[in-house]
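Only one structure is covered here, and it is reproduced in the block below.
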Amino acid sequence: MTTPAPGLPSVDQTVLDHAPAAIWMMDGAGQLEFANRHFCEYLGIAQTRLLAAPRYTELMPSAMGAAWLQADRECQAQAAPHMSMEWMPLADGRQHLLELTRQRLLNPDGSVRGIIGLATDVTERSEYRQRLEHMAHYDLLTGVPNRVLLADRLAQALARAKRERGLTAVCHIDLDNFKPVIDAYGYGAGDRVLLEITRRIKDAVREDDTVARLGGDEFIVLLVGLQVTEECVGSLHRLLQGIQQPVALDGEMLCITASIGVALYPDDEQDAETLLRHASQAMHLAKEAGRNRYHLFDPASDLRARSHHRLLQQIRHGLAHGEFELYYQPKVKLHSRRLVGAEALIRWNHPQLGFLPPGEFLRAVENTELEIELGDWVVATAIDQLRQWRQQGFDTEVSINISAYHLESPGFVTKLKDRAIALGSVDELRRLQIEVLETAALDDFARIGALIRDCRALGVSFALDDFGTGYSSIAYLSKLDVDTLKIDQSFVRDMQDDKSDHAIVQGIIALARAFGMGIVAEGVATEGHLQALLQMGCEVGQGHGIGHPMPAAQLPGWQMAAPRA
Ligand code: C2E
Ligand code: MG
Ligand code: MG
């Protein structure tokens, strides 16, 4: 290359030839005055030919020439550098992305003298960027959108559902038995299975829908443009069907199934993140229900679950802040009307809701750790109360209600004993009775029997509460060596009018006698009840007709009112 660069007299041609860009210069009429090596190579035209042509753009492929000419014209018309990006066919026959910068050159009189231009081939850079972008948005293995792109698609889907007043289903798919496949066949085989499953998922849904992979064997499918729930159900069945077809692997047929959790917008009117969480919760319910099925997230039952959760939190808080209190309901010898003991009944002084009976909150803690904590509090409070009363010279017995779950929880007896020792009240255990619900004791006779014996060794006695309301009462009376039966108040209430209730009360009293147990009638609400029970041979009673449950401080001074004349 010998042509000096006109207008660039001090720059050696070879320097420009080695620049990693195409450089050219033209005059105002469109004839090239200079072209470096890259420029000629891009076009695949010899430099001499290029420089000899009156209009170099006419040597280019026609579409390229037209675009080039257009850009030259625009550049000549503006003072600022002209920048553009163009896909152009180059000498290798492929399309290249060129980044072009042109600057017009002026004569001293201000007329346009020509253009100097620079073109860089950025094809590779842009392909690389695209690859990076693809990697950032698509799952490497399956090529479907990843979590990042899913977020985008979900936002679009929700906007569309809003606009069209349609439905969007967010489906969380988790394969049921994928891990054993990897364990048995290795990761490579696992990948092949995932590819096949991805294909089937894509086949089961529509073009508009999104299939995304979260990683592992978890996918999210967005079903869009739905009008009614049934449409979604159809797709779910197709998904389950498609996935559960046997997959061929190393000459074997594998059976893979999936559990799908679905959150349906706007039935579940939540933001994207919450919908994804709900779909995942529902997926776990589908697993629990036996796998290879779908479960629709139910906003109403979720609300119930959450208010249940809130109640538990409040109870925990209340327990820590002394909001619970034991009330004591007197038990009397029916013939003398003298106090023989009291049943401790839990109450909640709720800061907002007021004074709550156990029916309002005990159900919530059933079979939870909190039930045990609450029960432990009852045990400790009752033992301490007995100790305080004795110090005041008031000697009585107290029965506490203990749930079967608590009773059967590990270490119950040890805790009871330790509690009594810690409170310095081991003697108090002789005045303590544990009431167990009849039905509750049914589970495991051997265990409960052993428990009763261990507690009795500490001096604690046992009563079966609400007797007669459970089942097979007589059968297990012989197995459970309890001290007392408490006749349920429902029989006592109606026994004077209802012959069968009367017979039941009589039967229970006879039963207690036969087994050598004490008997307490609950729900003694009237003088009539009291007299009838006395006649039947029941010795002890408890009920509103005798005395209501009351704060601990009132019990020592309490006396049963004399019967009205
Ligand atoms: P329960 O052990 O059978 O206690 C007797 C219930 O009958 C008490 O209700 C008492 O207030 C009520 N009652 C007493 N006399 C009469 C009457 O003449 N008529 C009527 N209609 N009712 C009467 P409360 O205190 O609401 O307790 C309900 C149940 O809650 C108890 O039944 C017991 O199963 C449970 N409970 C109470 N306190 C505790 C506790 O500290 N721990 C546990 N696990 N359960 C408890
Ligand atoms: Mg009771
Ligand atoms: Mg009862």
Side-chain angles (χ1 to χ4, degrees), residues 315 318-319 323-332 334 341-349 355-385 397-409 412 416 432-441 461-470 473 482-496 501 505 508 518-530 532-533 540-552 555 558 560-561:
I315 293 175
L319 195 56
E323 289 169 14
F324 290 94
E325 183 178 357
L326 288 183
Y327 265 43
Y328 294 87
Q329 184 172 37
K331 283 186 270 189
V332 299
L334 293 177
E343 176 174 9
L345 296 160
I346 196 165
R347 302 289 180 260
W348 187 3
N349 294 300
F355 190 68
L356 301 180
E360 299 276 328
F361 57 89
L362 278 189
R363 281 282 288 281
V365 300
E366 247 169 45
N367 302 335
T368 68
E369 191 53 36
L370 194 51
E371 177 167 60
I372 296 176
E373 287 173 37
L374 208 57
D376 283 344
W377 176 86
V378 170
V379 171
T381 308
I383 293 176
D384 197 47
Q385 190 60 61
E397 288 181 1
V398 162
S399 63
I400 53 177
N401 294 280
I402 298 295
S403 74
Y405 186 73
H406 184 198
L407 197 63
E408 290 181 297
S409 68
F412 177 83
L416 182 71
L432 193 69
Q433 184 169 66
I434 289 177
E435 296 190 10
V436 202
L437 283 187
E438 176 198 12
T439 41
S461 62
F462 274 82
L464 276 185
D465 206 351
D466 300 351
F467 193 77
T469 56
S473 309
V482 298
D483 309 83
T484 305
L485 295 187
K486 296 191 79 172
I487 309 173
D488 190 66
Q489 53 178 279
S490 60
F491 305 119
V492 175
R493 186 180 57 223
D494 300 327
M495 66 186 177
Q496 288 168 294
D501 282 355
V505 173
I508 295 174
I519 188 120
V520 177
E522 297 183 322
V524 182
T526 64
E527 181 63 21
H529 287 156
L530 190 148
L533 287 162
V540 180
Q542 159 190 359
H544 291 165
I546 294 167
H548 284 264
M550 62 189 79
L555 193 70
W558 177 86
M560 189 180 165

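The structure displayed is predicted, hence computed values, not measured ones. Order of listing sets the numbers, starting from 1, for every ligand and every atom in it.
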(message) So does Thr381 get a backbone contact from the side chain of Gln385, meaning a donor-acceptor N/O pair under 3.5 Å?
(response) no
(request) Return the residue, atom name and 0.1 Å-rounded distance of the protein heavy atom closest to atom 32 (O) of ligand 1. (result) Asp465 OD2, 4.6 Å
(request) Applying side chain to side chain contact (heavy atoms under 4.5 Å, CB included), run through Glu371 and Glu366 and close with a yes or a no. (result) CA-CA 6 Å; Glu371 177 167 60; Glu366 247 169 45; 4.1 Å; yes
(request) Drop me the distance from Glu435's CD to Ile402's CD1, to the nearest 0.5 angstrom. (result) 10.0 Å
(message) Give me the residue, atom name and distance of the protein heavy atom closest to atom 19 (N) of ligand 1.
(response) His544 ND1, 3.5 Å
(message) Below 4.0 Å, non-hydrogen atoms only: which portion of Asp466 touches ligand 1? Side chain, backbone, both or neither.
(response) side chain
(request) Provide, to 0.1 Å, the distance between atom 43 (C) of ligand 1 and the closest protein heavy atom, together with that atom's residue and name. (result) Asn401 O, 3.4 Å
(request) State if Pro549 counts as touching ligand 1 under the rule of any non-hydrogen atom under 4.0 Å. (result) yes
(request) For the residue pair Asp483 and Gln433, confirm or rule out a side-chain donor-acceptor distance under 3.5 Å. (result) no
(message) Within the 4.0 Å heavy-atom shell around Glu522, which atoms of ligand 1 are there?
(response) 3 (O)
(request) Measure distances from the Mg ion (ligand 3) and count the protein N, O or S atoms below 2.8 Å. (result) 4
(request) Assess Glu343 for proximity to ligand 1: is some non-hydrogen atom of it under 4.0 Å away? (result) yes
(message) If only side-chain N and O atoms count, and only distance matters, is there a donor-acceptor pair under 3.5 Å linking Gln542 with Glu522?
(response) no
(request) State, to 0.1 Å, how close Val505 and Val492 come at their nearest heavy-atom pair, and which atoms those are. (result) CG2-N, 4.3 Å
(request) State, to 0.1 Å, how close Lys486 and Ala463 come at their nearest heavy-atom pair, and which atoms those are. (result) CG-CB, 4.3 Å
(request) Could you pull out, from Gln489, Arg347, Gln329, the option with a heavy atom nearest to atom 22 (N) of ligand 1? (result) Gln489
(message) Taking a cutoff of less than 4.0 Å between a non-hydrogen atom of the residue and any ligand atom, is His548 in contact with ligand 1?
(response) no
(message) Could you work out, with ring-ring contact (aromatic ring centres under 6.0 Å, His included) as the rule, every residue matching Tyr328, not counting sequence neighbours?
(response) Trp389
(request) Measure across Asp488 and Ser490 and return the closest heavy-atom pair with its distance rounded to 0.1 Å. (result) OD2-OG, 2.6 Å
(request) Please write down residue, atom name and distance for the protein heavy atom closest to atom 31 (C) of ligand 1. (result) Leu345 CD2, 4.3 Å
(request) Give yes or no for whether the N/O distance cutoff of 3.5 Å, strictly under, is met between Val378 and ligand 1. (result) no
(message) To check your reading of the model: name the closest protein heavy atom to atom 38 (N) of ligand 1, its residue, and the distance in Å.
(response) Ile346 N, 3.1 Å
(request) Drop me the distance from Leu362's CG to Asn401's CG, to the nearest 0.5 angstrom. (result) 9.0 Å
(message) Just verifying a value: how many Å separate Ile346 CD1 and Tyr327 OH, rounded to the nearest 0.5 Å?
(response) 12.5 Å
(message) Among all the protein's heavy atoms, is there at least one whose distance to atom 15 (N) of ligand 1 comes out below 4.0 Å?
(response) yes
(request) Search all heavy atoms of Ile546 against all heavy atoms of Trp558 and return the closest pair with its distance. (result) O-CZ2, 3.1 Å
(request) Before accepting this row, confirm whether a basic side-chain N of the pair Lys331/Glu343 lies closer than 4.0 Å to the acidic partner's carboxylate O. (result) no
(request) Output the distance between atom CD1 (Ile400) and atom CG (Leu345), rounded to the nearest 0.5 Å. (result) 11.5 Å
(message) Return the CG to CE distance between Leu530 and Met560, rounded to the nearest 0.5 Å.
(response) 5.0 Å
(message) Can you report which non-hydrogen protein atom sits closest to atom 30 (O) of ligand 1, along with the distance?
(response) Pro358 CG, 3.6 Å
(message) Give me the residue, atom name and distance of the protein heavy atom closest to atom 45 (N) of ligand 1.
(response) Leu362 CD1, 3.3 Å
(request) Mark up the atoms of ligand 1 that fall under 4.0 Å of a heavy atom belonging to Gly543, in ascending order. (result) 15 (N), 18 (O)
(request) Assess Gly375 for proximity to ligand 1: is some non-hydrogen atom of it under 4.0 Å away? (result) no
(message) If you compare all heavy atoms of Val482 against all heavy atoms of Leu485, which two are closest, and at what distance to 0.1 Å?
(response) CG2-CD2, 4.3 Å
(request) Would you mind running through ligand 1 and noting each atom that sits below 4.0 Å from a heavy atom of Gly523? (result) 17 (C), 18 (O)
(request) Using only N, O or S atoms, tell me which atom of Glu343 is closest to the Mg ion (ligand 2). (result) OE2
(request) Indicate whether atom 9 (O) of ligand 1 is within a distance of less than 4.0 angstrom of some protein heavy atom. (result) no
